[in-house]
Amino acid sequence: MSDKDMADANMMPERGVSRRAFIKGVIAAGAAVSSTAYLFRAPIFGQPGAPGAVERLITLNVNGQMRRVDVMKQETLAMTLRYKLGLTGTKLGCDRSECGACTVLIDDVPHYSCSILTHSVRGRKVVTIEGLAGADGTLHPVQQGVVEEQGFQCAFCMPGFVMAAVGFLKVNPNPTRAELAHGVSGNLCRCQDYDKILTAFMRGAEILRRA
Amino acid sequence: MAVIHDMMPAFELFQPTSIADTLTLLGRYRGDAWVMAGGLDSFDWLKDRIKRPRYVVDIGGVAELKGIRASGAGLEIGAGTTLTEVVRHPVVKEKFGILLEAAEAAASPQIRNQGTIGGNVSQDTRCWYYRAGWSCYRAGGNICYADTPTAINREHAIFDADRCVAVSPSDTAPALIALDAKMVIRNLEGERVVDAENYFIGPGIDITRMNILQPGDLLTAIRIPDTWAGAQFYFEKIADRKVWDFPLVNVASAMVANQSAIQRIRLALNGVAAHPKRLVEVEAAVTGKPRNEQTAEMAGRLAIAGAQPLQHNGYKLPLVKNLVKRAIRGVEGSWTS
Amino acid sequence: MDFLTWGRSPWGEWILTHVSWDLLWASIFAGVVFLVAHASYMVLSAHRKREAHEADALERSLPGLPERIPKHSLAARLFHWIMAVAMFVLLLTAFLPIVGIRFPWVQWHWMAGLLLTASILFHIVHATFWLDFWSIWVGPKDIPEFKAEVLREFGHDVPGPKPGKYPLGNRLYHTVIVVAGLLVVATGLVMMKRVHTPFFTRNPYLFGDATWGVTYVLHGTAGVALVGLVIAHVYFAVRPEKWWITKGMIVGWITRRQYLEHHEPSRWAIARSSASPNRPGPAV
Amino acid sequence: MAEYKLIGKNYTTPDLVAKVTGKAKYAEDYRAEGMLFCKLLLSPMPHARVRNIDAREALAMPGVKAILTADELPPPPPPPAPPPGQPAVTQPPNENALTNEPVYQGEPILAVAAVDETTAADAIERIVLDLEPLPFAVDPLDSLRPNGPNARLEGNTYINRELKSLKWTEKDFSDATDGRLPMGEAPDTFSIGDLEAGFKQADLVLDETFLTQSTTHHPLETRTAMATWQNGKLHLYCSTQSTVQTVGNVARWVGIKPEDVVLISEFTGGGFGSKIPGSQTMAIPALLSKKTGQPVMMRISREEEHYIGRARAGVQARARVGFRKDGRITAIDVFTIQDSGPYGAQGDYRNVGIMASLAFQPMAMRWRGVTVLTNTPPRAPQRAPGGQQMNGIFDPIVSKAARKLGIDQVEIRRVNAPSGKATFGPPDPKTGKQGYVTSAFVREALDKGAELFGWEAKKQYSGKRRGSKARGIGVSVSPFNAGSTGFDGLLIIRPDGMLQVQSGVGNLGTHSVIDVTRVAAEMLDMPWDRCEVQFGNTSKHLPWTCVSAGSQTTHAMTRANYAAAMDAKKKLQEIAAKDLGGRAEDYDIGNQRVFRKGSPGSGLTFAQAARRAIQLGGVYDGHELPKDINAFTTRSATALAGTGLMGVARDNYPHDGNTLSHVVAFAEVEVDVETGALRIVEYATVADVGTVLHPHSLSGQVFGGSMLGIGHAISQRWLYDRQYGMPLAKRFHYNGPPTILDAPANVKFAALNIADPETPVGARGVGESPVGAGYAAILTALADALGDDVFRRTPVTPDLILASLELGHGSHDALTTNV
């Protein structure tokens, strides 16, 4: 760490776990080997004590695990997932809530993870594409439907699409094809194989209902 | 200084959990504070590094701002209520279907899951010159890039342009105006309630803002009186794509009519001016008239009186005309297959 | 305090956008300071005009002077007041929004601007052909008067030329207002091309960014200058010892007495009812 | 046709589970210890010269590691070889990763590497650029006007491959009236037959002008790249369409030998022609990594993708077409102006002529064209380059003629349809003879499609209105190139009895990276679960492979894999003969054994044969290689030598004619004439693409390609502010690719599945043809619903429809592009 980093580190509020130890932990865990640099950024306008002031060191509930992570104030969930927690299944397609590739479930509701601050999901349940399949590798019914129908082409949009579908089916488990299309309409596919995507999801919904 | 439109610059973040705390923060930082609800409008500005607030006040965690509750004779919708919650609310569906339609017409499912109704009405214009960070009137400069001989202004204003020709992009705003909704605004001094139609302001009044919120103000709730509950509603949005896109024009109307005549009506458009436009003259003209083709035709003609099209948005005149006609007489005919 | 405001062109180049509105406050401040200073000074110093006996003598030497000395033709007065109205509308529409009183001002502003332009054009023509064009200008010929005025201001009761038709201050003011007025009108007219008017299609690309920048700065500078000038003008117009001048601008004439007390008949000759051989000579 | 076990059967591609569980690694998903991030500084001006760069303040920032400027790049390489149908045009100065003379707004000028992206972005803002603005043009016609600006200091068009300045006369422009395209000097032309004679025979002549817009490819994955160096070799994790074909380009862009490039691209998030050979900008992380000694990740943003991500060349065209009473097209005279972007010329405008000559088999034809440089992002082939534009220009004319002549829209296309070895394109200068296709079954496709779509029944809706809703039906015939030849196949039968096929095809979503290897398995009668495909990483030793573009892969690589399989089969037979006596021909293979004909139980298992091959060495295990294979294959095969029985061969199979595929599309649309709102009610396609390899991916390719065309027809925009030469529609929200709700609700598909006679297995490519079919089926349906002449440009958005119906003119003047 550079002197500046040390200084920043010392500026950090110490909460339970020592920040330095925490960082070592993260690195050891390999969750963020790529971008530990992210960790060493200080807030530029400190306002300690103000109502609603946020700490950088937070705990996230991601795919059922409690993950401690150091998050910049302006950091989006997509960036935290991809660069701090090593969950690269969530894709960045536009970073402007215009394509849906970064869709994840927050408390079972589909959100664009590129357009929500990581600090906003503290104490909420985040599920990414990596969290869908069972520990033994059994696929989620929606994933199974995709596999059976050979859905998607380049599949860069797929994780977001699948999460949107899973979220929608929680609300409407027995949709018509049109309803399903409406439910996943917040996701863009540039291979534009939309017809097969719907077929795959309809199959997934069917498997889900049987399960 | 070179320009880059990626990665949000650092800011100090506040996530208050009460309106009181929020107002304290807004009072403390005034113009330096950036209020963020769903954040879907904010993030564009911040990631493009065009707006550079020092303090971001994220009101997403303020429970008092969420939820839909009965209030006297009507509904009170917290400004922080998501569009999805509005769409799914039984009373909205039962009494104010037009608001459901308008909310559902907005953006995409994920955006409706996060975007709030307060944010939807208070969001900034999407004029692409302005959003690209060009230093136009609205951005504090002294030029409008969208109204020049070579400008691309298909999306821009046909009414009430004053130097700036940007339009309000909100889908729910005209519905709220048609429902005669009231906007509840609070600041450290107290609370004030304004009619929805007076919440929005054009460039003539203030060319840098689209609503009356001043630094320190917070839109806390939207009240919908029962005045128009269960009326005959009409909402239609015309956009390029069926998802994401903002309206080229949308129309919302609430009408009470019997066989013989239209007894009362409220009618509003958006996508035609920097503020959603209530068509008071049309309302007056059709009240008491039978609900038929002639009345609709007259309403349509009246609706575009005084419109000033730009080079590329002349189509908005027939579009407004036809949409207002449809609001009066409905859509004719359709295909079964 | 910044005097200029800068913006960025879409290409990221720095471009001049306007004068800083801080200048408005500066101008108002200057105007107020001047009138306070002048007022307090006037309290101390008596206003100098011809002593009664001098005026009597002069009056005797100039028999046949009418009771009412015509000063401003109706046309001249109309112009002055129309211009005054236009000027007030312009300043209010320009500066009220800046001080926070917001309303749709642009249309009123350019309309008043056109009125001002029209009235000025009329005035130029009118003054050139129907008025004593040079009577309002200042030049070398005024130096003696200037000396005398200054000395008188400092309490020396010196002989010396009295003003002709227009007092020196008047004429100096006119000169300044001409410069500021023409500047603001000229720039204002081209700026109309940048807003929506019935006259032509809006085209902000008429000039390059730099030219526009200068135009805005000139318009703004002249504009704020006019604020101060108008303050001073109104101040003098309402000062008691100058009231007779203001009245003249309203009714069009001044009394013979005022004529003799304040003006130099040799420099502002008035036709007399009965011709007299002896021409008016200098006061003694 | 032959009964196959694998070919023509659906299956699950082995990479799908990784994709659907998020484990699949795309370029931005790779991480390396101490990885830096870089950001680009893009030109704010459409054309400028860099006078000075002051990066001192940026470099002084903590966390900023290095900056890279154009001066540090190897000299610009010649542009990559374009796919078939794209004439290679090479001329200096060529595009490079960074530049000191940006020729479009958004062209990268320099890059900064820092410890994280936020720091890199902050650093970019601290850099002070001194730019000298230069003349620019964003509209081809502007540039062609007398004294019009040139996009490049050297000129505005290519004449005999030389960059020259071409201006038309005032008269050229004044001659063109009522929205017709002016036709001045056109440097490029070809003719077929006697044009005048053709028009003499015509009973009806139509003269129409049409504008097709440029569009950014915008694959969902941007061209992100991560680079790191290990013992002198560049390891590049990138997003490219073609795994093997990208290596040479990267080597040139970075200035190293191809052998020193390890290219990793296991998954690519789409390309559509924009990543055929990779991207110049890959050199940036590579060189920054070399400079800093640390891995460097370059994440490309969506807005950056609009700039550096390639775009389709818009074509403005004017076509005179002569028809006989029976609908037969007697003559076509077409004039095209192509918006070529600031660098090389594209082949799109020429393809407009070539594909028209095939789709409509005119008795006589003349094509003229001029390609004009503009200061807009660089162009590249985009699915059906020129083919899509051709359909947009001609199908509405043909349907209009059908209405005027009282002929059915499908019938008039049947009358003109190419069949068998249909001729097309410019005659050979020497022989004077035209080329011809390997096979075409367009009439069969039209018949099948009409039946599938229920054309006869739907004709009753044609042009009918109910209330404000008008219905229309349309049809289109779209041909395009569908295959090349002469590449290598490489496979190993391993001692464990597994078949290991090496695939150098890119994994860009077409599934062909795997699909083509099924041919090898089929020919060796291997059960699919006993096969393993190696792909996506050049350190896995891949054979010389065609670019994964231009619909070449299916054709080229089924042939190559067939060749490798045949080579392996021959070797199996020889080994059997050696060990068990007799002649090689006495042996057959099947059920993972090589056995004496007639007694399947005899002989050797493939596993045994593989072990024998290793013992025998020489040709059998790859220690001796055929002389005619590419050096790239030789390197890979040599590395694999001794690991089993090697099948390796070059595709030397003959083929008589050019390989093109055809797709016919039918559409029914509903337009609300009061609002301009459009709904696609039904859409049906039939593909004439030879043998079907993989039904699921075929239907996906056809519908996905169709949607790309439909997007061009109804929503995708390319917008420029002419005053500043700046793009306005940079991101999805503004340039508007179609959403799932804009797609037709009711979709039908069928394939003729008639084997192409000129290639083993008989499979042709399919990626391109559907694009023009979808585009024009919608346009002809719209014209059927609204009447001819309602629109003369795309996209046909509500404003265009309303302005045309209610105001009697389009929202924009007929000829201005980029609006």
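Just so it is clear: chains get the letters A, B, ... in the order the sequence lines come, proteins before strands, and each one is counted from 1.
For B:Tyr145, the parts lying near chain C are the backbone and the side chain together; criterion is any non-hydrogen pair under 4.5 Å. Interface remark: C:Thr201 contributes no atoms to any contact with chain B (heavy atom separation under 4.5 Å).
Contact tally against chain C (heavy-atom pairs below 4.5 Å) for B:Pro149, B:Ala151, B:Gly202: the top residue is B:Pro149. Top candidate by heavy-atom pairs under 4.5 Å with chain C, chosen from B:Ile205, B:Ile207, B:Val165, is B:Ile205. Chosen from C:Pro97, C:Gly12, C:Pro10, the residue pairing most often with chain B at heavy-atom distances under 4.5 Å is C:Pro10. By number of non-hydrogen pairs under 4.5 angstrom with chain C, the leading residue of B:Cys144, B:Ala132, B:Gly141 is B:Cys144.
Between C:Arg194 and B:Ile143, the closest heavy-atom pair is NH2-CB, 3.1 Å.
Within 6.0 Å of the CH2 atom in B:Trp45, the count of heavy atoms belonging to other residues, nucleotides or ligands exceeds 12. When the shell of 6.0 Å around CD of C:Glu13 is examined, it contains more than 12 heavy atoms from other residues, nucleotides or ligands. More than 12 heavy-atom neighbours from other residues, nucleotides or ligands sit within 6.0 angstrom of CZ on C:Phe34.
A distance of 5.0 Å separates OH of C:Tyr205 from OG1 of B:Thr150, quoted to the nearest 0.5 Å. Taken from CZ in C:Phe103 to CG in B:Asp206, the straight-line distance is 13.0 Å, to the nearest 0.5 Å. With rounding to the nearest 0.5 angstrom, the CH2 atom of C:Trp105 is 8.0 Å from the CG atom of B:Asp162. Considering CG of C:Leu206 and OG1 of B:Thr148, their distance stands at 12.5 Å, rounded to 0.5 Å. Rounded to the nearest 0.5 angstrom, B:Asp147 CG and C:Arg202 CZ are separated by 4.5 Å. The OG atom of B:Ser135 sits 9.5 Å away from atom CH2 of C:Trp14, with the distance rounded to the nearest 0.5 Å.
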